[in-house]
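Numbers for residues simply follow the sequence, beginning at 1.
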Amino acid sequence: MPGKVTLRVTAGPLNGRSFEFDSHDTFLFGRSPDCHAELAESDTTASRHHFLLEVNPPAARLRDLGSLNGTHVNGVRYGGRKRHQVPEQADSMGQAEIDLQDGDHIRVGHTEFHVSVDAPAACCECGVPIAPADRFASAWVAGTFLCAACRAKGVGFVAAQPPVPARAPAPRAGAAGLPAVDGYDLVRPLAKGGMGAVYLGRRREDGRPVALKILLPRTLVDPGAREIFQREIDVTRSLRHPHIVELLDHGEAGESFFFAMEYCSGGSVRALLKARTRPFPVADALDMALQALAGLAHAHAQGVVHRDLKPENLLLGDDDARVKIADFGLAKSFEQAGWSGLTATGAVAGTLFFMPREQLTSFRVVRPVSDVWSMAATLYFLLTRQYARDFRPGQDPLPVILGGGVVPLRARDPRIPEALARVVDRALADDPEERYPSAAEFRADLERCA
């Protein structure tokens with residue numbers, strides 16, 4: 001088990017309440033009804049959305065959301081803003097967030113929290129769990145542990161400095177410094193993301209070109225979570241559709257995971273748009289969205305949610321005409337396993353721009369309707385080269401997302417047909433109940449606009 005993080009309220013109107021996290025999740029504090037810990041509307045010591053806590057045990061990161069008075073951790077203020085500023089105009093993210101430790105104290109007005117982090121012991125060299133009965137015998141330096149096997153090998157006794165706590169090692173290097181994956185020859189890098197990298201490779205048995213994605217866990221891999229993850233990926237591998245990138249193979253390379261996927265030589269829709277000076281014509285953007293939604297509807301019918309739809313994950317086939325959705329289930333399964341690090345507070349902007357609001361407020365409960373929002377935000381971007389929300393340079397995007405609301409499509413470009421704008425605007429509603437409930441229904445109304 002990765003451990004547990006507990007937030008216990010020790011003072012204030014919520015005194016006595018306790019919030020426990022044993023898996024990757026988010027926690028929102030403030031006066032808004034969608035907060036997990038909600039103060040009364042009359043309590044002006046806190047903002048409507050005061051702070052967001054992201055937990056991926058044993059890691060926990062607090063981010064002030066542009067509150068008026070800031071959030072105090074161990075007596076130090078983080079975040080805050082001047083009275084004339086709106087939340088999005090508060091201090092930069094680097095000044096507004098802190099990684100929490102066991103024993104930390106959080107204060108917002110009259111409300112105080114005590115943080116407890118229960119982290120399982122593990123060998124700082126090889127990562128093997130240390131049983132409670134063996135902790136004393138395995139104690140090493142600076143609060144770390146060294147297992148009996150590593151001690152027997154003499155690990156740590158020849159170094160002058162104390163060992164660094166173990167991280168998942170990268171896959172071994174192959175030719176030209178590229179990772180080595182059994183059964184595949186890597187040719188060159190294609191892309192790099194927050195959880196790993198993608199390489200052009202060739203399958204040795206038949207020379208078929210593949211896109212080889214290597215995901216490197218940011219935490220040690222729990223055997224139980226590994227088994228669940230492999231089962232979920234087997235479900236994803238069963239998806240077969242002309243508009244879904246086929247997952248050909250998957251496995252492990254050291255402590256990392258590899259995925260051999262159908263290679264789409266046309267690149268991403270995002271790259272194609274970047275090479276242009278103007279948005280796509282309405283007919284072209286609509287055609288690409290309809291193709292992607294056909295694949296998305298098929299996946300939803302099989303119970304698979306994407307969770308990370310954006311223009312970068314729409315790829316073009318060899319003929320540069322067929323659109324295929326990439327990375328189905330990978331981000332969701334990796335996050336649920338707890339190996340992705342902190343992805344809400346640490347998410348790259350490209351993901352946040354296409355993230356539905358509920359993915360922050362209800363992190364673990366993401367339904368097909370959330371993919372509908374992201375797909376609509378993607379179509380909006382293809383039509384306008386602008387995001388559905390008003391993200392301004394240098395401002396924290398999280399308060400923008402939590403604040404809700406999007407810019408109506410025709411407010412960006414009044415030349416877009418009114419019928420099409422109505423469909424896209426409905427799919428971008430903040431309330432999931434007001435959107436199209438499925439990709440299939442969203443696609444059906446878009447087809448009437450073609």
Side-chain angles (χ1 to χ4, degrees), residues 26 193-195 236 239 243-245 268-270 273 280 285-286 288-301 303-315 323-336 340 343-344 347-391 397-398 400-402 404-407 409 412 420 423-443 445-446:
T26 55
M195 290 186 289
T236 303
L239 292 176
H243 297 293
I244 294 178
V245 172
S268 73
V269 169
R270 178 60 180 261
L273 180 60
F280 289 116
L286 194 52
M288 287 186 279
L290 288 171
Q291 291 185 59
L293 281 165
L296 188 61
H298 174 77
H300 286 172
V304 180
V305 179
H306 192 288
R307 193 185 176 98
D308 192 26
L309 284 167
K310 51 191 176 184
E312 290 89 338
N313 280 333
L314 300 186
L315 304 184
V323 174
K324 295 171 176 278
I325 302 178
D327 285 358
F328 245 111
L330 293 188
K332 177 178 182 291
S333 299
F334 216 65
E335 285 177 348
Q336 297 281 11
S340 56
T343 57
V348 294
T351 294
L352 290 172
F353 293 153
F354 302 94
M355 179 185 288
R357 189 174 181 276
E358 69 269 15
Q359 210 160 319
L360 286 179
T361 59
S362 303
F363 181 82
R364 294 190 63 80
V365 186
V366 179
R367 298 174 290 151
V369 71
S370 300
D371 280 347
V372 168
W373 196 98
S374 297
M375 192 62 234
T378 296
L379 174 56
Y380 187 111
F381 188 74
L382 302 185
L383 289 165
T384 65
R385 291 177 70 100
Q386 297 185 72
Y387 303 113
R389 301 185 183 101
D390 262 335
F391 295 102
L398 294 189
V400 177
I401 298 172
L402 290 168
V406 301
V407 179
L409 183 55
R412 296 287 197 204
L420 173 59
V423 172
V424 175
D425 289 345
R426 176 184 169 185
L428 288 171
D430 279 320
D431 185 349
E433 301 304 318
E434 295 178 6
R435 290 178 216 149
Y436 294 96
S438 69
E441 291 184 57
F442 180 27
R443 187 177 190 276
D445 269 9
L446 277 182

ask   = If every non-hydrogen atom of Gln291 is compared with every non-hydrogen atom of Val323, which pair is closest and at what distance?
value = OE1-N, 2.9 Å
request  = For residues Leu446 and Tyr436, determine if any side-chain heavy atom of one lies less than 4.5 Å from a side-chain heavy atom of the other.
outcome  = no
ask   = About how many Å separate OG of Ser370 and CG of Asp308, when rounded to the nearest 0.5 Å?
value = 12.5 Å
key: Listed partners of His300 passing side-chain hydrogen bond (donor to acceptor under 3.5 Å, both in side chains), at least two apart   = Asp371
task = Please report the closest heavy-atom contact between Ala292 and Leu314, naming both atoms and the distance.
result = CB-CD2, 3.9 Å
Smallest separation among heavy atoms of Pro311 and Phe354, with atom names = CD-CZ, 3.4 Å
task = Would you give the length of the straight line joining atom CG of Leu352 to atom CD1 of Ile401, rounded to the nearest 0.5 angstrom?
result = 4.5 Å
key: Arg357 side-chain N/O to Leu402 backbone N/O, donor-acceptor pair under 3.5 Å   = yes
Counterpart residues, ring-ring contact (aromatic ring centres under 6.0 Å, His included), relative to Phe280 (two or more places apart) = none
query = Under 6.0 Å from the CZ atom of Arg367, do we count more than 12 heavy atoms belonging to anything else shown?
reply = no
Mutual orientation of the aromatic rings belonging to Phe353 and Phe391 [parallel < 30°, tilted 30-60°, perpendicular > 60°] = tilted
request  = Taking side-chain hydrogen bond (donor to acceptor under 3.5 Å, both in side chains) as the test, write out the residues that go with Arg412, two or more places apart.
outcome  = Tyr380, Gln386, Asp390
key: Non-hydrogen side-chain atoms of Pro437 and Val369 separated by less than 4.5 Å   = no
note = CG (Leu293) and CD (Glu441) are apart, to the nearest 0.5 Å, by 12.0 Å
inquiry  = Using the side chain to side chain contact (heavy atoms under 4.5 Å, CB included) criterion, which residues pair with Ala299? Sequence neighbours excluded.
reply    = Leu239, Ile244, Val304, Phe328
ask   = If we only count heavy atoms from C-beta on, is the Val269 to Leu315 side-chain gap below 4.5 Å?
value = no
remark   = Rounded to the nearest 0.5 angstrom, the CG-OG distance for Leu379 and Ser374 is 12.5 Å
request  = Could you tell me whether the side chain of Leu420 reaches within less than 4.5 Å of the side chain of Leu383, counting heavy atoms only?
outcome  = yes
task = Scan for side chain to side chain donor-acceptor pair (under 3.5 Å) pairs involving residues 425-435, sequence neighbours excluded, and state none if there are none.
result = Glu358-Arg435
query = Residues two or more places apart in sequence or in another chain: which of them pass ring-ring contact (aromatic ring centres under 6.0 Å, His included) with His243?
reply = His241
ask   = Is the closest side-chain heavy-atom distance between Arg307 and Asp327 below 4.5 Å?
value = no
message = Quick check for you: to the nearest 0.5 Å, what is the distance between Phe381 atom CZ and Leu273 atom CG?
response = 5.5 Å
ask   = Nearest heavy-atom pair of Leu382 and Ala285: which atoms, and what distance?
value = CB-CB, 4.0 Å
remark   = The side-chain hydrogen bond (donor to acceptor under 3.5 Å, both in side chains) partners of Thr361 (sequence neighbours excluded) come to none
remark   = Interatomic distance, CG@Leu409 vs CG@Leu428, rounded to 0.5 Å, equals 8.5 Å
